[in-house]
Amino acid sequence: MSEAGAEATPSRAGPRLTLLELTARLMQRAFEELGEGSILGTMPAYLERFGRAHSTRLAAQGLPVQASFGAVSALAPMNQISTVTATAYTLPIAHRDRAVKRLHDCEFLAAFEGQDEFVRTMICMLHEATYQGSVNALVPKAEDGYDVTVRSRILFGDDHCDFDVRSRVPRPREPDTGGAQPDTPPEELEASQHHFYAYMVASFVDYLSALLPPARVAAIVQDVGEEVGRKLDLRPDDVMATLRRVMRAAGRTFTHDATTIRVQQCPQAPGILDATADQDEDLARAARASACGLCCATLQGAARQSDPDAQVVRERALTLGSKECLFRLVRGAS
Amino acid sequence: VSEAVLGSGPRTDWPEANAIVLVVTDGASYREAIVKIAQAALSKAPAGVFVTANRPSHVLRQTFAKAQIPSDAFTYVDCISSLTGIMPPAEEGIVHVESPTMLEKIALRAERVLRSLPHQRKFLMLDSLSTLCVYNGMPAVTEMTHNLVTRLRTVGAGAAFVLVEKQADPELADAVRPLCDRTVRF
């Protein structure tokens, strides 16, 4: 039987929330496993690179960015990401020498609002690092770039998060419109959203892979994926029907029989490949395998809503050079 | 310098109170290692200084409370809690250093607190050399460790220096091992 993801018209919120939840859980585990000191010493630099890489990629795809012109123009890639992730924002200050970007929503609020103050501060610092990397990605000389400071934080009860972007060199206090934001068709927006969140999840897996032994990363991935899969809002019936529902929600094109699901197109795969593209081939393969392992573990968690004994294994993966992802139900009712 | 594996009975595995020990972990059992090392060291000496560059002291206190380690067993020199820019409130038993980059200040504070402890047998636990290495680089951390070991030997105190292998320059363990009486792998 074949089943196209498009037939089920999955909402943009479903996979977005799942990928956000996976990212949040991975971050929590990273804090626990590595310690805050190691995280603060290594992750901001990693996220600056993440911000830089994403801006560079968006510009290469045709997003108009005149980063040297002014602070708002330099924010264009992050504004595009806000659009892609449906995060409302305004620009209360929009000059060439200084801009304040105001986010009216925090995607990590649900995951982190009840947590320790130190952890919440870290989340805001990491977000700041991503902005820092992004606004400077397309400025030819670093000394001509910008510094970003978070001025208010939703995670600390403020109404909004303000990212204050200030020029490091004198730029005139003139309005900066930031150039025209592209009018992206909804289907492209959805593809970009899949790409961005998959890129983010894969980046965290990649980060953990750099600092922890492979077996530990595999265990974390399995725990996190299963935990999130178990909490997916499904109407569990038989295991295969549950798995198909997850596949449709994730926007995948797949075929299936009584015990297998074969994915021919996965909207998350390009993001995973891009997030690991700059790595040495062995490290990249390991990180891709772990990122796709997260998907398999999530499926297993979802399957166990229907059958506590269900076990799902991944035999092939698009991101590892195969023409399809092959998931097999090796134990449990079908 | 002998090398051992910290087993399930660390209280008997741990060397004498004034030994300087390098504890190497691969990171897979880091949290468990910290608790076990603390328990093992406390089995040989009643109190110590915990220099933390990796976990905020209030998190460590919670962790140790769950492991039934007495709350007054450690005085903390905490060089991570201030790093977010929010100065933590003053609290008894915790000395804050602004940043893990201030190695000399960390060593001075640790020595001062150690000297102030009213016990003959006491020790210093440092978590971790690898985290300090992230902020300062290997040569500076090796030099600080060398200075600290000299001061500890003068005071007659023991130490446990934690090193997470995958998070540090591979040469760090080689540089620090000769300074220590024993290496324990966890």
Side-chain angles (χ1 to χ4, degrees), chain A residues 28-46 112 115-129 132 147-153 155-158 164 206-223 283 286-287 290, chain B residues 24-35 50-63 66 76-89 96-101 106 126-137 141 162-169 186:
Chain A
Q28 285 167 338
R29 288 298 292 268
F31 294 160
E32 291 167 17
E33 300 282 337
L34 298 171
E36 289 82 348
S38 291
I39 297 266
L40 285 177
T42 54
M43 201 187 267
Y46 189 89
F112 290 100
Q115 294 218 9
D116 185 81
E117 180 181 287
F118 194 90
V119 170
R120 284 180 284 139
T121 309
M122 284 173 67
I123 295 293
C124 297
M125 288 175 76
L126 298 175
H127 204 176
E128 182 182 86
Q132 181 77 31
D147 289 313
V148 180
T149 310
V150 176
R151 300 282 180 204
S152 60
R153 302 166 174 88
L155 272 176
F156 283 77
D158 296 323
D164 193 342
D206 180 48
Y207 171 78
L208 285 175
S209 302
L211 294 172
L212 287 171
R216 191 66 192 153
V217 177
I220 292 170
V221 158
Q222 189 65 30
D223 284 356
L283 291 175
S290 295
Chain B
V24 181
T25 169
D26 66 359
S29 317
Y30 163 73
R31 284 180 298 166
E32 193 188 347
I34 295 300
V35 172
F50 197 119
V51 179
T52 175
N54 206 26
R55 307 302 315 260
S57 47
H58 73 274
V59 175
L60 281 171
R61 277 186 159 170
Q62 289 164 7
T63 304
K66 280 183 196 159
Y76 296 89
V77 175
D78 180 341
C79 50
I80 192 68
S81 289
S82 308
L83 202 57
T84 57
I86 299 171
M87 195 61 196
H96 288 285
V97 176
E98 294 88 329
S99 163
T101 58
I106 293 167
L126 193 153
D127 174 24
S128 63
L129 293 176
S130 30
T131 304
L132 289 177
C133 197
V134 166
Y135 290 91
N136 302 284
V141 174
V162 180
L163 191 152
V164 184
E165 266 178 329
K166 208 176 174 189
Q167 295 167 31
D169 187 320
F186 192 99

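Residue numbers begin at 1 in each chain, while the letters A, B, ... track the order of the sequences.
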Top contributor to chain B contacts, counting heavy-atom pairs under 4.5 Å, from Ile220(A), Thr121(A), Ile39(A), Val217(A):
Thr121(A)
Would you say the side chain of Phe118(A) lies within less than 4.5 Å of the side chain of Ile80(B), judging by non-hydrogen atoms?
yes
What is the minimum heavy-atom distance between Lys166(B) and Ala210(A), and which atoms define it?
CE-O, 3.8 Å
Okay, Ala28(B) and chain A: the region with an atom under 4.5 Å from a heavy atom over there is both
Contacting region of Glu117(A) [heavy-atom separation from chain B under 4.5 Å]:
side chain
Between atom NE2 of His58(B) and atom CG of Asp116(A), what is the distance when rounded to the nearest 0.5 Å?
3.5 Å
Sole residue of Thr131(B), Asn54(B), Thr84(B) in side chain to side chain contact (heavy atoms under 4.5 Å, CB included) with Leu40(A):
Thr84(B)
Checking heavy atoms, do the side chain of Ala219(A), its backbone, both or neither come under 4.5 Å from chain B?
neither
Could you go through Arg216(A) and Asp26(B), starting from their C-alpha distance and side-chain angles, then the distance that decides it, and tell me whether this counts as side chain to side chain contact (heavy atoms under 4.5 Å, CB included)?
CA-CA 10 Å; Arg216(A) 191 66 192 153; Asp26(B) 66 359; over 6 Å; no
Which answer fits Arg55(B), side chain, backbone, both or neither, if we ask what part of it has an atom under 4.5 Å from a heavy atom of chain A?
both
Hey, are the side chains of Leu34(A) and Val164(B) touching, using non-hydrogen atoms and a 4.5 Å cut-off?
no
How long is the straight-line distance from CG of Leu83(B) back to CD of Glu36(A), given to the nearest 0.5 Å?
11.0 Å
